[in-house]
Amino acid sequence: MDKSVYNFCAGPAMLPVDVMAQAQREFVNFAGLGVSVMELSHRGKEYMAVAAEAEKDLRELMQVPDNYKVLFMHGGGRGQFAAVPMNLLGGANLKADYLLSGNWSQAALAEAKKYGDIQAVEGVIKGDDGSFSLVAAPQFRADAAYVHYCPNETIEGVEMFDLPQTGGVPLVADMSSTILSRPVDVSQFGIIYAGAQKNIGPSGLSVVLVRDDLLGKARPDTPGIFDYQVTADNDSMFNTPPTYSWYLAGLVFKWIKAQGGLQAMEARNLEKASFLYDYIDASDFYSNKVAKNCRSRMNVPFQLKDAALDAAFLAESKEAGLLALKGHRIVGGMRASLYNAMPLEGVKALVAFMERFAKQHA
Ligand SMILES: *Cc1c(COP(=O)(O)O)cnc(C)c1O
């Protein structure tokens, strides 16, 4: 497939070119059945095999221990902002602590407040100059039902590589924009969840890993489709799941396996991110103000020395086939998202463009 453009969108994001080509080949005639995979009954044996294979591949990639359920749910990342407190604050303990590191952890906290006694814990220090650095050792309530955090803040470009120390309180992670970009030790988490549209597949789907002891604690008014126990008991088919997204996620999991798994993805992602950060740091035209120990490998925000040039940068980069570089309005400037599917060549093309642009406008 011809790929003369590179899409740096933060989400929905680009998917691997090979995966898109395979999906296209199979689109109207899946496995010789003469119909699309999206036209198959989710309870038929052909689709059940697709679903089971995707789960098996994800378990293998993330080395998910046997005492965790893998759930394929509706509602994306924000659906889980509600599902987590509904499922974990159903008993007498209504306490949960939320580590704040940026926009998405803040939004998760706002949703959770509907369901319990939610405490905010500051996780980053914002400088007046727009800089971000991490709080050294955030403290949590020892009697909280869980601690929630977002290891990669997609908007600010802040990533946490060390786990918050919760002293045994179950840790819940919104990995929407970092899942599958590097290995993680799943056994350190109570719940890992991710909206699919960054590193997994099409939007709408969420993938949830839940430790068994956290099942069966939901508030009685939890909707069935958001109840982890109900979802697990029905193999994520309590209602019709997002079948096409689940299929496409399965293709992405196979692609990651073929690349060498999560260690290989991490090496590639480090190389890509370093290539861009090294160029930005060496330049006096562009800047990134996130402290080096928490710079995101997935989302790289950067500023031009003169914001009056932003519009020209966006127009000319688009012309050069480098799409969706506009930063989120909260931080302004630019943002290049370098998820798994972005090849190193895309980052090199971006840096070459940035060099040309800086020269022209020096
Ligand atoms: C994109 C994103 C979300 C929101 O996902 P939706 O599927 O739009 O609800 C939540 N958390 C993080 C970290 C994200 O990057």
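When a ligand or atom number is given, it counts from 1 through the structure's own listing order.
Ring geometry for Phe72 against Phe253 counts as tilted: the plane angle lies between 30° and 60°, on a 0 to 90° scale. Between Phe81 and Tyr193, the ring planes are perpendicular. Angles over 60° get that label, and only those under 30° would be called parallel.
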Which atom pairs, nitrogen or oxygen on both sides, join ligand 1 and the protein at under 3.5 angstrom?
| residue | atom | partner | partner atom | Å |
| --- | --- | --- | --- | --- |
| ligand 1 | 7 (O) | Gly77 | N | 3.0 |
| ligand 1 | 7 (O) | Gln197 | NE2 | 2.9 |
| ligand 1 | 8 (O) | Gln197 | NE2 | 3.4 |
| ligand 1 | 9 (O) | Gly77 | N | 3.2 |
| ligand 1 | 9 (O) | Arg78 | N | 2.8 |
| ligand 1 | 11 (N) | Asp174 | OD2 | 2.6 |
| ligand 1 | 15 (O) | Thr154 | OG1 | 2.5 |
| ligand 1 | 15 (O) | Lys198 | NZ | 2.6 |

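A donor-acceptor pair under 3.5 Å is absent between the side-chain atoms of Asp235 and the main chain of Met237, judged by distance alone. Without hydrogens or angle criteria, Glu153 side chain to Trp104 main chain gives a donor-acceptor distance under 3.5 Å.
Side-chain contact between Met298 and Asn269 is present, with at least one heavy-atom pair separated by less than 4.5 Å.
Note that Lys348 lies in the cation-pi zone of Phe275, set by a 6.0 Å cut-off to the ring centre and a 45° limit from the axis.
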